[in-house]
2 protein chains.
Amino acid sequence: MPPTRRPTIIDVAAAAGVSKSLVSLALRAEPGVSEATRARILHAAEDLGYRSNVWARNLVRGGENLIGVLITDLGNSYHTDVVLGLEEAAQEQGLSVMVAHGMRSTERLVAQLHRQLALGVAAVVVVSSWLPPDLLEASARAAPLVVVGRLPVAVPGLDTINNDDAAGTRLAVEHLVGLGHERIAHLGISNRPAAQQRRAAYATTMRDRGLAEHIVVVGPDDVTEGVATLLRATARADGTGPTAVFASNDLGASRVLDAAIDRGLGVPGDLAVVGYDNSTLARTVRPRLTSVDQPRADMGRLALRLVVERLEGRVEPRHEVVAPRLVVRGST
Amino acid sequence: MPPTRRPTIIDVAAAAGVSKSLVSLALRAEPGVSEATRARILHAAEDLGYRSNVWARNLVRGGENLIGVLITDLGNSYHTDVVLGLEEAAQEQGLSVMVAHGMRSTERLVAQLHRQLALGVAAVVVVSSWLPPDLLEASARAAPLVVVGRLPVAVPGLDTINNDDAAGTRLAVEHLVGLGHERIAHLGISNRPAAQQRRAAYATTMRDRGLAEHIVVVGPDDVTEGVATLLRATARADGTGPTAVFASNDLGASRVLDAAIDRGLGVPGDLAVVGYDNSTLARTVRPRLTSVDQPRADMGRLALRLVVERLEGRVEPRHEVVAPRLVVRGST
DNA sequence: ATGAAAGCGCTAACAA
DNA sequence: TTGTTAGCGCTTTCAT
């Protein structure tokens with residue numbers, strides 16, 4: 001048995017005794033083919049196990065409709081929510097989306113970016129702050145590139161979408177102030193750009209209000225210690241410890257919650273807690289967490305809009321900033 | 001300004017003053033091009049913003065290297081773990097993987113499957129039990145198809161990979177028996193095939209051991225009630241309630257954990273709990289959950305192996321079953 | 001309603 | 001080292 005080449009429309013045409021043009025028309029259900037021949041062609045195709053060659057078809061029709069999306073981590077709902085919004089918008093535009101993820105490894109992420117470019121995506125949307133700026137810059141020359149989320153440094157040639165961390169932080173802090181809190185501490189998790197921005201905005205807001213700052217910064221892996229430090233102060237009866245904590249993300253906030261409850265502090269009675277990101281966690285922990293929400297789906301849709309603009313010829317980069325909002329729940 | 005057609009190798013060739021063959025060679029870093037011309041070509045390409053047309057390239061080279069993977073839900077670590085293993089194996093084979101997800105919607109999932117086929121994937125791996133069998137069968141005619149996870153009915157023409165639910169259940173129940181438990185209840189969540197299999201295996205195992213069965217089945221949305229029913233029996237002082245619960249998944253098990261602790265029952269002292277799937281949840285709740293682990297990464301790798309076999313011409317379907325193992329933690 | 005012929009952009013013989 | 005020439009499988013005029 002020969003290595004059985006995959007059948008083409010020519011084979012089908014031969015089998016049905018017609019020209020390949022007719023086959024092409026019939027297979028795509030285009031008008032202009034008599035019922036009889038159409039049936040004969042379809043039957044012959046089925047018979048041979050014919051499958052259209054996508055590459056050839058797209059070569060002719062110009063299959064420029066694939067958008068690559070790169071996210072840090074499949075398990076992170078922040079990223080997947082952005083993807084959802086983007087996919088929704090893409091569907092409306094008749095564009096396809098291809099998602100790749102780095103499984104929390106920069107190396108993997110870089111490989112995936114190259115793979116997508118090699119696969120011929122028309123543009124790439126990066127929802128991750130893990131890619132090195134020089135790579136982004138280089139890639140932006142190969143295809144339109146939109147970065148969603150924090151960008152550590154300005155990179156020429158690409159579009160960006162960010163939430164306004166300063167505004168989000170202000171929302172959180174002023175919510176607490178409005179509730180009568182004056183001793184508001186900040187728990188900063190990690191030194192990533194987002195955390196830094198939020199920390200700075202916290203400091204500014206407190207200063208503007210004439211309130212004293214109380215900042216604890218911890219690495220992502222030793223949140224527990226920082227939380228303990230914070231709460232030791234709170235437990236003091238002399239009334240100098242914080243009555244509220246604003247954490248730079250929901251995970252940190254949930255740790256504060258846990259620790260507070262372990263120490264017999266009531267939330268929000270003895271201690272109010274606000275997080276950032278409005279993640280699943282915020283809707284899961286008890287009490288439910290008040291948290292700053294980034295309009296993730298909107299950011300995804302916006303990303304797609306920028307992509308389309310680029311594809312249509314826009315050349316000067318755009319940097320969009322979206323406004324977060326505060327979701328108030330049981331923890332304040 | 002005209003609608004600027006995308007540059008081709010011919011444009012690059014003209015700009016560099018060479019033939020298109022040279023451009024093709026230079027761009028692919030093939031040998032046989034002098035350093036000087038190569039540099040000139042690369043520069044011209046960069047200058048024009050040239051990007052290779054994947055469709056044309058694949059038409060010629062026979063781009064049979066893209067594997068589509070379909071998962072129910074980006075947020076489900078069972079699925080993403082399978083994908084991880086698969087991607088690892090794919091990388092070794094020089095195959096590319098394209099992941100699409102259905103965001104917990106059958107309709108979306110179906111659309112994604114069609115999209116992948118239209119995009120020309122060489123084969124599809126479906127990690128989901130949400131696709132209707134007839135669609136699977138039809139798709140299996142369009143491209144090799146491997147289904148990972150439970151398959152409700154036998155579908156001709158496709159390969160399957162499953163964990164041995166009966167064996168896993170036996171592992172769980174006999175672990176409890178070995179710990180001295182005799183009144184072991186089962187909490188079945190949903191009526192999906194996996195849950196059914198586990199329920200049946202529980203019944204068999206208990207019967208084999210001469211122990212009385214105690215089964216509570218609940219829908220995925222009202223687990224709470226079922227758990228309450230179970231625990232009311234446990235709380236009775238007359239010593240007839242269960243001393244252990246085997247739940248058909250980790251979510252159910254974690255609910256049992258929560259409820260037990262709310263009622264002042266010690267785990268594992270008053271009540272031992274075993275889950276299924278060894279999900280993130282099992283490593284998160286307190287006490288940590290003893291759970292049956294499916295070798296997810298292995299299943300992914302196996303899926304890729306089956307795909308490769310199909311691509312190399314295997315025609316008779318294969319149905320692989322992998323052995324789960326029990327991970328013992330604090331809840332028993 | 002049907003067929004012939006001209007490409008789509010690229011790779012790969014083969015010549016020069 | 002370079003250029004010329006066929007295709008890859010399909011869609012799409014344009015004749016018939």
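Naming: A, B, ... by sequence-line order, numbering from 1 per chain.
A distance-only check finds no donor-acceptor pair linking the side chain of A/Glu46 to the backbone of A/Ile41 [under 3.5 Å]. In terms of modelled atom types and a separation under 3.5 Å, the side chain of B/Arg40 and the main chain of B/Ala16 share a donor-acceptor contact. Between the side chain of A/Gln116 and the backbone N or O of A/Met98, at least one donor-acceptor pair lies under 3.5 Å.
When the P atom of D/dT1 is taken as reference, atom CZ of B/Arg40 falls 14 Å away, rounded to whole Å. Atom OH of B/Tyr50 and atom P of C/dG9 are 10 Å apart (whole Å). Spacing between atom CD1 of A/Ile9 and atom P of D/dC8 amounts to 12 Å, rounded to whole angstrom units. In this structure, the CG atom of B/Leu25 is 11 Å from the C1' atom of D/dG3, given to the nearest Å. At whole-Å resolution of the value, CD1 in A/Ile41 and P in C/dT2 are 8 Å apart. Following rounding to the nearest Å, A/Leu27 (CG) and D/dG9 (P) show an atom-to-atom distance of 15 Å. Between the CH2 atom of A/Trp55 and the P atom of C/dG7 there is a distance of 26 Å, rounded to whole Å. Look at CZ on A/Arg57: it is 19 Å from P on C/dC8, rounded to the nearest Å.
For the pair A/Arg28 and D/dC10, the criterion of a side-chain N or O lying under 4.0 Å from OP1 or OP2 is not met. OP1 or OP2 of C/dG9 has not a single side-chain nitrogen or oxygen of B/Thr8 nearer than 4.0 Å.
Looking at B/Asp159 and B/Arg314, a side-chain N of the basic residue comes within less than 4.0 Å of a carboxylate O on the acidic one, giving a salt bridge. A salt bridge links A/Glu309 to A/Arg318: at least one charged side-chain nitrogen sits closer than 4.0 Å to a carboxylate oxygen.
Between A/Asn163 and A/Pro324, the shortest heavy-atom distance links the atoms OD1-CG, 3.6 Å. Nearest heavy-atom pair, B/Ala122 versus B/Pro144, reported as atom, atom and distance to 0.1 Å: O-CD, 3.3 Å.
For B/Ser24, taking side-chain heavy atoms from C-beta onward, the closest of the listed nucleotides C/dT2, D/dC10, C/dT11 is C/dT11. Out of C/dC10, D/dT4, C/dG3, the shortest distance to the side chain of A/Val18 is found at C/dG3. Side chain of A/Ser34, nearest nucleotide from C/dT2, C/dT11, D/dT2: C/dT2. Among C/dT2, D/dT11, C/dG9, the nucleotide with an atom closest to any side-chain atom of A/Arg61 is D/dT11. Closest to the side chain of A/Leu22, out of D/dC10, D/dG3, C/dT2, is C/dT2. Looking at the side chain of B/Ala56, the nearest of the listed nucleotides C/dG9, D/dG3, D/dT12 is C/dG9.
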Close N or O pairs between protein and nucleotides 5-7 of chain D (under 3.5 Å):
none

